[in-house]
Amino acid sequence: MRLDKSYQPKLHEQQIYSLWEQKHAFEPSIEGDPYSIVMPPPNANANLHMGYELTAALEDIMARYQRSLGRSVLLVPGADHAGFETQSVYEKHLAKQGRSRFDFSRDSLYQQIWDFVAENRVGFETMIRRMGVSCDWSKFTFTLDDKIVKRAYATFKQMWDDGLIYRGERLVNFCTYHGTAFADIEVVYKEEQGSLWYIKYPLVDGEGEIVVATTRPETMLGDTAVAVNPKDKRYQDYIGKSVKLPLTNREIPILADEFVDMKYATGAVKITPAHDPNDFEVGKRHDLPFISVITHEGKIAHDVPEAYRGLNIAEARQKIVIDLKGQGLLAKTRPMVHSVGHCYKCGTIIEPLLKDQWFVNMQPLAKEAIGLLNSGGISFYPESKKDELIRYLTGLKDWNISRQIAWGIPIPAFQSLDDPEEWIYDERVDQELIKVDGREYRRDPDTFDTWFSSSSWPYATLDYPDGDSYRRFYPLSVMETGSDILYPWVSRMIMLGLYVTKKPPFKSVYLHGYIRSEEGLKMSKSLGNVVDPMPLIEEYGSDAVRIGIIGGQAPGANRNFDPRNITEARNFCNKLWNIARFISEKVDSFDSEGFDFSSDFDHWIVGRYRLTKNKHVKLMNDYRFSEAYENIYHFIWDDLADWYIEASKNSPNPKLLIGLLKAVLVMVHPFAPFLSETIWQSFSLKDESLLSQKQLIDLAQEDKALAKRFSAIRELIIEVRSIQKLVDSTKAKLFYDSGESQKLVADFATLIKQLTKLSAVEKSSAGQGIAISKAGIRCRLSIDEKQIERYIQRLDKQIAEEQALVKQLEGRLSNEGYIKKAPDSLVKQSRKQLELARDNLKESLSKKRRLSL
RNA sequence: GGGGCUAUAGCUCAGUCGGCUAGAGCGCAGCAUUCACAUUGCUGAGGCCCAUGGUUCGAGUCCAUGUAGCCCCACCA
């Protein structure tokens with residue numbers, strides 16, 4: 001068991017992961033209380049980014065910690081088909097070959113993308129392994145797996161039967177390049193320079209005209225009304241009259257509607273119900289005709305004057321403006337900046353177009369969810385996200401679940417060829433036409449919004465309703481995911497979970513913020529500031545990247561990526577490695593059974609360990625991972641390495657060294673799984689892995705009085721070092737006299753000499769040197785008289801601080817309110833503090849007096 | 001326009017139920033060096049906890065207002 005001089009993650013990580021897999025160590029144990037997490041599925045077709053590293057790290061930390069408490073842990077991995085994302089990647093791939101998706105049938109396109117994704121999925125699974133995620137690969141689920149599709153169908157059917165599903169013609173955000181609708185959330189708005197055109201609409205009877213303003217003159221071909229505010233005095237006479245729509249000669253009414261802003265432009269608005277969300281609402285209120293003048297291909301439609309048919313939008317706009325000008329109907333043109341919706345993928349301007357879509361009536365579902373949240377049925381980390389979610393659910397609108405893309409789950413609905421109003425539910429989606437009772441039906445060409453199927457993720461992955469996993473592990477212990485998908489995903493999992501399983505899908509929700517770039521910007525491909533975790537894992541090791549990314553990360557808060565955290569974590573890993581290396585040179589067996597205390601520092605370190613372990617459990621149970629890591633870090637580095645190991649060098653206690661190492665490895669394992677297991681394996685003679693350790697290690701109870709002796713020596717050493725530095729003295733000697741505390745110094749003379757580099761630690765009653773006292777120890781330090789002035793300066797500073805403290809405590813204790821209202825224990829504590837502060841001050845003052853003589 | 005988050009050391013961030021003489025890592029200054037580790041050790045400097053009010057015996061922490069930055073939603077004829 002020889003260890004290299006420094007920890008080389010590359011030499012061990014992959015081997016260690018294979019070992020775990022060979023031992024089936026990631027499968028839930030038979031015994032133990034169940035603990036379950038289903039991982040949010042990342043895009044199977046893209047490289048995993050830093051955000052997923054964070055997810056993976058947090059969930060794996062939770063899983064490994066719970067295993068170390070003896071629970072039966074299920075961590076389910078998965079991958080997302082990422083509908084539209086993946087389809088557009090594939091389209092780019094096709095474009096390189098000079099082809100497009102329109103060259104293929106929907107079914108053939110689906111098959112091609114399936115194969116394309118299957119190839120890339122291998123690399124994706126490798127990445128999760130490199131991250132060290134201890135997930136049960138036998139439960140791996142893809143969002144297009146049969147059980148997920150079946151579940152989506154069952155849910156759709158249930159909703160259909162319950163009357164929660166309806167079909168409606170609505171305006172959708174349509175990308176004419178991709179040929180699909182988007183959710184509101186997916187549209188990116190950009191400020192753009194445009195124009196506001198003022199157009200005269202002549203009245204039908206009598207003289208005059210009404211002037212409307214628009215940024216989109218081409219949509220006027222679809223106008224079916226002009227609206228003014230009912231309170232607008234300027235237009236009272238116009239309400240109820242009609243105008244002749246220029247260029248088309250259609251007659252359309254002037255109507256009154258509250259939505260019109262009198263102050264904006266002319267206060268008269270052209271209404272195009274088929275191409276504007278507000279106008280759509282007005283159209284419905286006033287029962288106006290809906291005339292679509294823009295097609296799904298982004299061209300002008302056929303039922304408009306011949307001159308404009310088939311033009312694209314820009315051409316039509318130009319021609320219409322010219323024609324209006326020619327007829328003297330263009331009152332004026334003003335430049336203006338307005339925000340325009342774009343496809344987040346290709347940048348094409350999003351057109352609001354009418355489309356028949358499937359909707360889910362969200363009111364009943366949201367109500368249930370709100371009730372659950374209000375009753376505290378799910379705990380949130382951070383807690384504030386719960387109220388945020390309740391607010392969101394309260395204002396929730398109906399959900400459009402239709403998407404016009406091939407790469408998704410086909411909607412199992414068929415339309416009658418005879419009666420377009422008649423729709424039936426049927427799962428034979430592999431056929432375009434089906435026959436039922438002698439009537440023919442055509443398949444809905446649309447697919448589900450991916451959030452629809454992924455909302456069933458917590459139970460569909462566990463084989464609801466009959467699977468063993470479902471019975472044992474549902475509801476999930478925790479749902480850990482990014483706070484950015486609180487609305488689209490977490491909310492829907494809760495609503496559908498309640499609807500389908502009648503239970504909340506998880507007991508708690510842990511939301512992490514996102515990792516921003518070093519400059520504090522959002523990481524995105526277009527900015528080119530995305531950090532790929534793989535090269536970092538390659539260079540620093542998987543554990544270091546994991547620790548570096550969770551370090552200082554509180555739940556819900558966004559944080560800038562800071563590579564220094566990873567370097568720090570790498571150094572820590574190396575530190576632990578070298579502790580193990582030191583221990584490996586002092587021991588010849590991994591057996592720590594029945595160790596004996598043989599020194600005061602043995603007692604001290606065991607006491608420190610107990611404190612650390614108790615704090616560890618508390619912090620981990622509260623999901624305070626970053627603090628839990630710091631707790632272990634300081635125990636290992638400050639207590640174990642800097643003091644215990646140093647003190648051990650003279651007289652090592654092999655069994656305790658091993659006992660401590662084992663205990664530390666179990667505790668640190670969730671944070672540094674590869675490193676801890678590598679060390680464990682290099683020591684262990686038995687055929688077992690660290691990962692399957694069932695509990696945190698307890699060490700025998702120390703003697704507190706003996707531990708305190710070492711504590712005192714430790715403080716003395718720190719004080720001596722500090723004075724030595726201050727006075728620049730390397731050749732000083734430490735003198736002690738007879739007495740109880742002096743015996744302590746005598747016992748540790750060798751260690752003190754080693755750790756302070758004093759030239760001697762000896763007994764003397766001559767009284768030479770300056771007096772120092774620390775933690776009840778009194779002794780004297782010989783320092784160069786010429787440098788004593790510097791020591792006095794430090795004393796002065798110390799005295800000033802001590803005086804300030806005494807004054808503060810005196811003030812506090814002379815405050816009647818404090819004595820009366822603060823808890824007794826606190827007041828007692830303050831009294832003690834004051835007593836101590838006074839003693840210290842007295843000591844310092846007398847010290848100074850003697851030195852000044 | 002509506003909502004949210006953040007503001008603490010030069011930098012990146014912790015700070016639970018209000019008890020703080022405010023912490024960590026990095027960075028900085030100085031010193032050390034065969035013997036587990038330079039991915040090291042030791043010592044140190046460095047803070048009006050954004051501002052102003054309030055609640056309280058007591059506020060970095062709770063409340064109000066403001067300022068600055070980030071984000072989300074809605075609207076933009």
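Chain letters run A, B, ... following the sequence lines, proteins first, then strands; residues in each count from 1. Computed from a prediction, not measured in an experiment: that's the story for all the values here.
- Contacts of residues 805-815 of chain A with RNA chain B (heavy atom under 4.0 Å): A/Leu805, A/Gln808, A/Arg812, A/Asn815.
- Residue A/Asp261 is classed as a base contact, given a heavy-atom separation below 4.0 Å to a base.
- Note on A/Ala641: a base of the nucleic acid sits closer than 4.0 angstrom, heavy atoms only.
- The heavy-atom pair separating A/Ile294 from A/Glu351 by the smallest distance is CD1-OE1, 3.7 Å.
- Residue contacts shown for A/Ala265 are absent, as no nucleic acid heavy atom lies under 4.0 Å away.
- A/Leu196 comes within 4.0 angstrom of the backbone, heavy atoms only, and of no base.
- Taking the P atom of each, B/rU56 and B/rC49 are spaced 23 Å apart, rounded to whole Å.
- Between A/Ser483 and A/Tyr514, the side chains place no donor N or O within less than 3.5 Å of an acceptor N or O (distance only, hydrogens not considered).
- Between the C1' atoms of B/rG60 and B/rU16, the separation comes to 14 Å (whole Å).
- Side-chain contact check for A/Arg794 and A/Ser722: at least one donor-acceptor pair (N or O, by modelled atom type) lies under 3.5 Å.
- A/Tyr629 comes within contact range of no nucleotide atom at all, as no heavy-atom separation falls under 4.0 Å.
- A/Ser830 and A/Lys828 share no side-chain donor-acceptor pair at under 3.5 Å.
- A/Arg721 comes within 4.0 angstrom of the backbone, heavy atoms only, and of no base.
- Separation of the A/Phe572 and A/Tyr629 ring centroids falls under the 6.0 Å cut-off.
- Listed candidates were B/rA36, B/rG25, B/rU40. Nearest to the side chain of A/Glu568 is B/rG25.
- If you check B/rA36, B/rG19, B/rC42 against the side chain of A/Leu826, the one that comes closest is B/rG19.
- Counting only N and O atoms by type, the side chains of A/Gln724 and A/Thr756 include no donor and acceptor under 3.5 Å apart.
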